Amino acid sequence: MEMIGLYPTWFEAGVGSGWIVGLIATAHVLFSHTSVGAAIFFAWLANYAYRHDRPKLLEFIRRYGLFLLVFSYVLGSITGPGIWYSTTVASPRGISALIHSFVWMWATEWVFFVIEVVGVYMLVYLVGRIDVKTHTRVALIFGLASYTTMLIIVGILSFMMWPGKPEWNEAGGVLNAFYGPNTFAQLGMRTAFMFSIAAVVGGIVAARFEDAELKKSIARKLAVLGIVATLSGAGMLQWYLATLPPTADVMLQNRLPAYFPTALMAVVAGTLAYFVLTFVQPRALVSAVAGVMTVVILVFGLWPEEVARESIRKPWVAGQYVYSNQVVGADVPGMGVKSEIPKIEAHGFLQTHVFVPQGQRVVTDDNRLEVGRTLALATCSNCHSLSATGMRPLRNYFAGSHTESEIAEYLQAALAGGNTLYMPQIPLKDDEARALAAYILSTTPQAGVNTAQASVAAPAKE
Ligand code: HEC
């Protein structure tokens, strides 16, 4: 029998591979958004300095540019490939799906990225060495190249949420995949917030100017930029939410940690207050405070935002045809892709997954726990941690008094028919379901020990 081309599972005990990808990606968002926001601001500021004959302002571009060389172009260039490495092992078929649709988009993005990197060096090291007009042009090219890299990545990220146009399903085509309502809304939202971030991080640099007049002038420009950007970002967020697939609403409304919306709102309000303060009282701009604000945005703004975006995409990882657990779950005639679900339904996971260990293809009394663990690793661990910590620990749902056959029944009812909106369809043969149930039960805290968790997450919600 022909098997399904699944890869081995990358498993990080205690955390889950998803969170590792998330941590790297969140850091990368901070570094990259700062640089794109700053790049456009530089283009504007260089032009402003030229027109108003205030060459001193270029000193800010030079110092902030130098800061970005490390902050964005060293740290960003470590975390960027970090996303590639981690997602390739966490989600090989998700990445494969993206490459099959977007290989030339990525090639294009790298061309612009090279321009961007050369641009930032020119911008920093040529201040005062070339005439101001040429320098302004360099700033403009740098800004446009940076923004283009973002445009391309955002189109690809939106495809991960859902394909740009429904026609893509039948006709394929890179533009159908790339451009959709979600692409523009997400681009708008990221554009706004990248300016907020660039204005906050810019404060770290601006605060160190000794020339009080210059510091005030820059602090106020950053504050105005920050206020306008943060307000429009909050508006764009509403637009973005309106362009999400229907499954995303279920996750948004019921399944995100309760503190997420509060955290996001608090960060937006706090950021606004901070900008108003530094506008009214530029002397209040201190590097340490700007640094703390940056960390606050990272932890309470970007992390919830990235985790939410990942969560509401469930059960899919890309294009609404590759499930997060790597199984192809839908036909895409336009790409010649066929769902693998019928094959799994017919033969079971153990018979169709290439990397099932020797001796585990058939469930026996001796190997049930081992087989159950293999199934949990291959089909659940991408979204559920198998230990007590990390992302949505599987054991928490079944703490308490459930028996093996109750769990097995639940698994088949909730997963086999694809009845749970945010989870993949996972057809399990009877013996597979029982093996998985036995394994889950073996990891579950005993009844009574953990009743608190049991009562918050009883599994009968669907
Ligand atoms: C695509 C990601 C994904 C995969 C794969 C996945 N789940 Fe889930 N699962 C979720 C999400 C999202 C929730 C929502 C609950 C939450 O966030 O706590 C959930 C909830 C659950 C619940 C709680 C009941 C409910 O309906 O909310 C159980 C039980 C569960 N999963 C079991 C499993 C098992 C067993 C597997 C593997 C056979 C599995 N899941 C695979 C994403 C997934």
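Everything numeric in this text was worked out from a predicted model, so none of it was measured. Atoms within a ligand are numbered from 1 in the order they appear, just like the ligands themselves.
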Neighbour count >12 (heavy atoms, 6.0 Å) for atom CZ, Phe178: yes

Logged contact type for Tyr323 with ligand 1, heavy-atom cut-off 4.0 Å, is neither

Would you call the rings of Phe398 and His402 parallel, tilted or perpendicular, taking 30° and 60° as the class edges? perpendicular

Near Ile426 (heavy-atom distance under 4.0 Å), the atoms of ligand 1 are 37 (C), 38 (C), 41 (C)

If I take every N, O or S atom of Met423, is at least one of them less than 2.8 Å from atom 8 (Fe) of ligand 1? yes

So the atoms of ligand 1 within less than 4.0 Å of a heavy atom of Leu411 turn out to be 35 (C)

Tyr397 vs His384 aromatic rings, parallel, tilted or perpendicular, using cut-offs 30° and 60°? perpendicular

Looking only at heavy atoms of Ala414, does any of them come nearer than 4.0 Å to an atom of ligand 1? no

When you look at CZ of Phe300, are more than 12 heavy atoms from neighbouring residues, nucleotides or ligands closer to it than 6.0 Å? no

Could you pull out, from Glu310, Arg313, Arg395, Arg392, the option with a heavy atom nearest to atom 12 (C) of ligand 1? Arg392

Say whether Leu375 and ligand 1 are in contact under the criterion: heavy-atom distance to a ligand atom below 4.0 Å. no

Classify the ring geometry between Phe67 and Phe71 as parallel (under 30°), tilted (30 to 60°) or perpendicular (over 60°). parallel

Is it the case that atom OH in Tyr85 sees more than 12 heavy atoms from other parts of the structure closer than 6.0 Å? no

Under the side chain to side chain donor-acceptor pair (under 3.5 Å) rule, what do Thr230 and Ser196 come out as? Steps first, then yes or no, please. CA-CA 6 Å; Thr230 309; Ser196 310; 3.0 Å; yes

For Phe398 and ligand 1, answer yes if some heavy atom of the residue is under 4.0 Å from a ligand atom, otherwise no. yes

Given Cys383, Gly372, Ala433, Ser381, which one has a non-hydrogen atom that is nearest to atom 1 (C) of ligand 1? Cys383

Pair Ser311-Tyr422, side-chain donor/acceptor within less than 3.5 Å: no

Ligand 1 contact on Tyr397 by region, counting heavy-atom pairs under 4.0 Å: side chain

Is ligand 1 less than 4.0 angstrom away from at least one heavy atom of Leu415? yes

Checking distances from atom 8 (Fe) of ligand 1, one finds that the N, O or S atom of His384 closest to it is NE2

Judged by heavy atoms only, the candidate from Pro393, Ala437, Cys380, Ala416 nearest atom 34 (C) of ligand 1 is Cys380

Quick one: look at Leu428 and ligand 1, take heavy-atom pairs under 4.0 Å, and tell me if it's side chain, backbone, both or neither. neither

Ring centres of Phe31 and Tyr73 under 6.0 Å apart? no

In short, Thr79 meets His28 closest at the heavy-atom pair OG1-ND1, 3.0 Å

Got an N/O contact under 3.5 Å between Tyr422 and ligand 1? yes

Would you mind writing out the side-chain donor-acceptor pairs for residues 86-102 within the sub-3.5 Å range, not counting sequence neighbours?
unit_1: Ser86; atom_1: OG; unit_2: Gly82; atom_2: O; d: 2.8
unit_1: Ser86; atom_1: OG; unit_2: Ile83; atom_2: O; d: 3.3
unit_1: Thr87; atom_1: OG1; unit_2: Ile83; atom_2: O; d: 2.5
unit_1: Thr87; atom_1: OG1; unit_2: Trp84; atom_2: O; d: 3.3
unit_1: Thr88; atom_1: OG1; unit_2: Trp84; atom_2: O; d: 2.5
unit_1: Ser91; atom_1: OG; unit_2: Gln326; atom_2: NE2; d: 2.9
unit_1: Arg93; atom_1: NE; unit_2: Gly5; atom_2: O; d: 3.3
unit_1: Arg93; atom_1: NH1; unit_2: Gln326; atom_2: O; d: 2.8
unit_1: Arg93; atom_1: NH1; unit_2: Glu340; atom_2: OE1; d: 3.0
unit_1: Arg93; atom_1: NH1; unit_2: Glu340; atom_2: OE2; d: 3.3
unit_1: Arg93; atom_1: NH2; unit_2: Glu340; atom_2: OE2; d: 2.6
unit_1: Ser96; atom_1: OG; unit_2: His100; atom_2: ND1; d: 3.4
unit_1: His100; atom_1: ND1; unit_2: Ser96; atom_2: O; d: 2.8

I need the atoms of ligand 1 closer than 4.0 Å to a non-hydrogen atom of Leu394, numbered in the order shown. 32 (C), 33 (C), 34 (C), 35 (C)

Measure from atom 5 (C) of ligand 1 to every heavy atom in Leu377, Thr379, Asn382 and give the option owning the shortest one. Thr379

Leu436 heavy atoms within 4.0 Å reach ligand 1 at atoms 38 (C)

